[in-house]
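Index from 1, following the sequence. Keep in mind the model is a prediction, meaning the values are calculated, not measured.
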Amino acid sequence: YASKTTAYDRSIAFVMYFWDNDCKGGGNMTKKLSEFFANFLVDTGAVATDKRAVILFGLELLLSSIISILIIIALSIAFGFPFLWLPFLLAFIPLRTTAGGYHAATHTGCNITFALAYIICIIVCKYVTMQPLTYIIISVMSVVTILLFSPVEAINKPLNDVRKSTNRTRSIIIILAVAVASVFAWLLSIHNIGIQMFYLGVFAAMVSQIAALIINYKGENKNESCT
């Protein structure tokens, strides 16, 4: 029992380290690092002063993404699967960036939410053996969600009409390809831990969409009650 909980305990401690040193500390590690590099670029003349805000925003996104990836790599190693993050990201990122989904209020909140979601997926992947038919079920659920709602906008991340149309088309193409692949996996009885983690990544992207839909719905109702 102790050996089974070791990786989980280490992963939770790793996530809580970022929580204690960022959110609870009242600071924002990503923002502070971004400001440092943005100021450095401005001071050295590499970037014009009037472009600082744009550079700062880009650096925050870049550093937040790097931190998220480093966190799940560390979690994969903690659970004894050093490369399992690859199939997860291969599924999650294309769907998440095109179909939309949940956005936390801060970059740190996004990192922590992403890490906790990954912990759940890797625990399922480690202790539960999914049958190929499960991949089809996940794919069908995701196809329905995307056809009905993609792209799901976060309240704090609105999209223009052109971006909405482009993202919707891309998300439908991606999820249909994923669905076709799941049928082949079922017909050929193809199954391994990497494929399982891939479809858990698909499932995680769908849950992110649903979470954003719920939050948007509550936000709309709140605004209506205030008017």
side-chain contact (heavy atoms from CB on, under 4.5 Å), that's the test. Do F203 and S142 meet it? Break it down for me. CA-CA 7 Å; F203 184 77; S142 297; over 6 Å; no
Determine, stepwise, if the pair N111 / S68 fulfils side chain to side chain donor-acceptor pair (under 3.5 Å). CA-CA 5 Å; N111 291 337; S68 290; 2.4 Å; yes
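Atoms OG and CZ, on S208 and F114 in that order, are 9.5 Å from each other to the nearest 0.5 Å. Separation of atoms CD1 (I193) and CE (M130) is listed at 11.0 Å; rounding is to 0.5 Å. The line from OG1 of T98 to CD1 of I172 is 9.5 Å long, rounded to the nearest 0.5 Å. From H103, atom NE2 reaches atom OG1 of T113 across 11.5 Å, with rounding to the nearest 0.5 Å.
Legend: residues meeting side chain to side chain donor-acceptor pair (under 3.5 Å) with S171, ordered by chain and number and at least two apart, are S150.
Within 6.0 Å of atom CZ in R52, more than 12 heavy atoms from other residues, nucleotides or ligands are found, so the atom counts as buried in its surroundings.
Using cut-offs of 30° and 60° on the angle between ring planes, the pair Y118 and F88 is perpendicular.
Results of the side chain to side chain contact (heavy atoms under 4.5 Å, CB included) test with I146 over I174, L95, V152 single out L95 as the only residue that passes.
A distance-only check finds a donor-acceptor pair linking the side chain of R96 to the backbone of Y102 [under 3.5 Å]. E153 contributes a side-chain N or O that, together with a main-chain N or O of L159, makes up a donor-acceptor pair within less than 3.5 Å.
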